[in-house]
Asker: 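Pasting a structure here, questions to come.
Note that the structure is a prediction, hence the values are computed from the model and not measured.
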Amino acid sequence: MSEITYVRGDATAPSAKGPRLIVHVCNDIGGWGKGFVLALSRRWPEPEQAYRRWHRERARNDFGLGAAQLVQVDPHTWVANVVGQRGIRTGSKGVPVRYDAIAHGLAAVAEHAAELGASVHMPRIGCGLAGGTWSQVEPLIAEQLVARGIPVTVYDHAG
């Protein structure tokens, strides 16, 4: 079974050959404007546009915790918007991250990656603004992706 590869670098510029899926975690209230999404938006307008449309039309689609939306940004690269946090603030129910939603979203990502023959690339999802801990997210990645033979690279920003 393959392992998670850790590298220093930019998750929006995966170095792998072949089809690539960049995964990140979004909130369930339609907010896009802080954290890793800023790097995505600097590189491609499509993930933000698709996410905002997905949220706006949520009464007629699957938008919600645990959902994953794939957006193709170039011939070999897709961005997976995974809804894995409730709101954007820490409150009475704790931090925004929802580990079960991340697990559910990663299961959908795994299906897409398998269909595309893609490797998966991500920052430490759910551990920035969402307030999660890597010790709880890493096993979800191992279970949903690595156990299915999907190569995963996690990027720690070099800045």
Side-chain angles (χ1 to χ4, degrees), residues 4-16 19-59 61-91 93-113 116 118-134 136-138 140-141 144-145 150 152-159:
I4 299 171
T5 302
Y6 292 87
V7 299
R8 281 214 170 288
D10 181 356
T12 69
S15 56
R20 300 173 294 265
L21 249 166
I22 299 168
V23 176
H24 73 108
V25 166
C26 309
N27 61 64
D28 67 348
I29 61 168
W32 182 290
K34 287 188 172 176
F36 182 69
V37 298
L38 295 177
L40 284 173
S41 290
R42 276 194 296 274
R43 198 162 185 97
W44 305 288
E46 297 92 347
E48 178 179 1
Q49 291 166 353
Y51 169 78
R52 291 189 184 280
R53 184 171 51 255
W54 190 31
H55 177 263
R56 197 170 47 248
E57 298 170 1
R58 66 192 175 279
N61 64 38
D62 67 344
F63 183 92
L65 284 170
Q69 176 192 51
L70 248 67
V71 182
Q72 191 165 8
V73 293
D74 75 28
H76 302 288
T77 309
W78 288 259
V79 171
N81 294 328
V82 173
V83 183
Q85 68 180 79
R86 163 96 54 212
I88 56 172
R89 303 212 187 316
T90 296
K93 293 196 176 20
V95 294
V97 71
R98 294 294 180 266
Y99 298 111
D100 56 340
I102 291 174
H104 193 79
L106 288 176
V109 165
E111 287 180 32
H112 291 298
L116 296 166
S119 55
V120 171
H121 305 266
M122 65 182 77
R124 291 185 186 238
I125 59 170
C127 296
L129 297 170
T133 61
W134 189 245
Q136 289 185 268
V137 173
E138 186 182 43
L140 303 176
I141 294 165
Q144 299 298 334
L145 298 167
I150 297 163
V152 177
T153 303
V154 172
Y155 294 76
D156 286 313
H157 201 60

Asker: If every non-hydrogen atom of Leu65 is compared with every non-hydrogen atom of Gly84, which pair is closest and at what distance?
Answerer: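 Leu65 and Gly84 have their closest heavy atoms at CD2-C, 4.2 Å.
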Asker: Taking Asn27 for its side chain and Arg86 for its backbone only, find out whether a donor-acceptor pair lies under 3.5 Å.
Answerer: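 Side chain of Asn27 to backbone of Arg86, a donor-acceptor pair under 3.5 Å: no, none is there.
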Asker: Does atom CZ of Arg52 have more than 12 heavy-atom neighbours from other groups under 6.0 Å away?
Answerer: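 Enclosed.
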Asker: Apply side-chain contact (heavy atoms from CB on, under 4.5 Å) to Leu106 and Ile125, showing your working.
Answerer: CA-CA 11 Å; Leu106 288 176; Ile125 59 170; 4.2 Å; yes
Asker: Quick one: do Tyr6 and Tyr155 satisfy side-chain contact (heavy atoms from CB on, under 4.5 Å)? Show the steps, please.
Answerer: CA-CA 6 Å; Tyr6 292 87; Tyr155 294 76; over 6 Å; no
Asker: Can you name the nearest heavy-atom pair linking Ala80 to Val109, along with the distance?
Answerer: CB-CG2, 3.9 Å
Asker: Between Asp100 and Ile102, is there a side-chain heavy-atom distance shorter than 4.5 Å?
Answerer: no
Asker: Could you grab the distance from atom CD1 of Ile29 to atom CZ of Arg58, nearest 0.5 Å is fine?
Answerer: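 One finds 10.0 Å between CD1 of Ile29 and CZ of Arg58.
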Asker: Applying side chain to side chain contact (heavy atoms under 4.5 Å, CB included), name anything that partners Leu129, two or more places apart in sequence or on another chain.
Answerer: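 Scan of Leu129 (side chain to side chain contact (heavy atoms under 4.5 Å, CB included), adjacent residues dropped) gives Lys34.
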Asker: Among all residues two or more places apart in sequence or in another chain, which pass the side chain to side chain contact (heavy atoms under 4.5 Å, CB included) test with Ser41?
Answerer: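 If we apply the side chain to side chain contact (heavy atoms under 4.5 Å, CB included) test to Ser41, skipping adjacent residues, the hits are Trp32, Glu48.
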Asker: State whether the side chain of Arg43 and the backbone N or O of Ala39 hold a donor-acceptor pair below 3.5 Å, judged by distance alone.
Answerer: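 No; judged by distance alone, with no hydrogens or angles, the pair does not exist.
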Asker: What's the separation between atom NE2 in His55 and atom SG in Cys26, rounded to the nearest 0.5 Å?
Answerer: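 Answer rounded to 0.5 Å: 11.0 Å.
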Asker: Before you tell me yes or no, could you show the steps for Glu138 and Ile4 under side-chain contact (heavy atoms from CB on, under 4.5 Å), namely the whole-Å CA-CA distance, both residues' side-chain angles and the distance that decides it to 0.1 Å?
Answerer: CA-CA 9 Å; Glu138 186 182 43; Ile4 299 171; 3.8 Å; yes
Asker: Determine whether Thr5 and Val152 make a side-chain contact, defined as any pair of heavy atoms from C-beta on separated by less than 4.5 Å.
Answerer: no
Asker: To check you understand the geometry: which heavy-atom pair defines the closest contact between Val82 and Ala68, and what is its length?
Answerer: CG2-CB, 4.1 Å
Asker: Tell me if a side-chain donor or acceptor on Asp28 pairs with a main-chain N or O of Gly87 at a distance below 3.5 Å.
Answerer: yes
Asker: Between Arg98 and Lys93, is any pair of side-chain heavy atoms under 4.5 Å apart?
Answerer: yes
Asker: Atom CZ in Arg53, atom CG in Asn61: separation rounded to 0.5 Å?
Answerer: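 CG of Asn61 is found 10.5 Å from CZ of Arg53.
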Asker: Taking side chain as C-beta onward, heavy atoms only, is Gln72 less than 4.5 Å from Thr77?
Answerer: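 Not in contact.
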Asker: When you look at Ile22 and Trp78, which way does the side-chain contact (heavy atoms from CB on, under 4.5 Å) test go after all the steps?
Answerer: CA-CA 6 Å; Ile22 299 168; Trp78 288 259; over 6 Å; no
Asker: Would you indicate whether His104, at its atom NE2, is surrounded by more than 12 heavy atoms from other residues, nucleotides or ligands within a distance under 6.0 Å?
Answerer: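 Result for NE2/His104: open.
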Asker: Using side-chain heavy atoms (C-beta onward) and a distance below 4.5 Å, is Asp74 in contact with Arg20?
Answerer: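 In contact.
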Asker: Main chain of Trp54, side chain of Gln69: is a donor-acceptor contact present, judged purely on distance under 3.5 Å?
Answerer: no
Asker: Can you name the closest pair of heavy atoms from Val23 and Met122 and give their distance?
Answerer: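 What the structure gives for the nearest pair is O-CB, 3.3 Å.
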Asker: Can you measure from NE2 (His121) to CG (Asp10) and round to the nearest 0.5 angstrom?
Answerer: 12.0 Å
Asker: Drop me the distance from Asp156's CG to Arg8's CZ, to the nearest 0.5 angstrom.
Answerer: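 CZ of Arg8 is found 6.0 Å from CG of Asp156.
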Asker: To the nearest 0.5 Å, tell me how far Arg124 CZ sits from Ile141 CD1.
Answerer: 9.0 Å
Asker: Side chains of Asn81 and Pro47: closer than 4.5 Å at any heavy-atom pair?
Answerer: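 Answer yes - side chains close enough.
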Asker: Any idea which heavy atoms bring Cys127 and Val137 closest together, and the distance?
Answerer: SG-CG2, 4.0 Å
Asker: Taking only residues two or more places apart in sequence or in another chain, which ones pass side chain to side chain contact (heavy atoms under 4.5 Å, CB included) with Ala130?
Answerer: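 For Ala130, the residues satisfying side chain to side chain contact (heavy atoms under 4.5 Å, CB included) (neighbours in sequence not counted) are Gln85, Val97.
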Asker: Mind checking whether Leu70 and Leu116 have side chains closer than 4.5 Å, heavy atoms only?
Answerer: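 Heavy-atom side-chain distance check passes, below 4.5 Å.
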Asker: Do Val154 and Trp134 have side chains that get closer than 4.5 Å, going by heavy atoms?
Answerer: yes
Asker: Looking only at heavy atoms, what is the nearest atom pair of Val95 and Gly131, with distance?
Answerer: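 Between these two residues, the closest heavy atoms are CG2-O, 3.6 Å.
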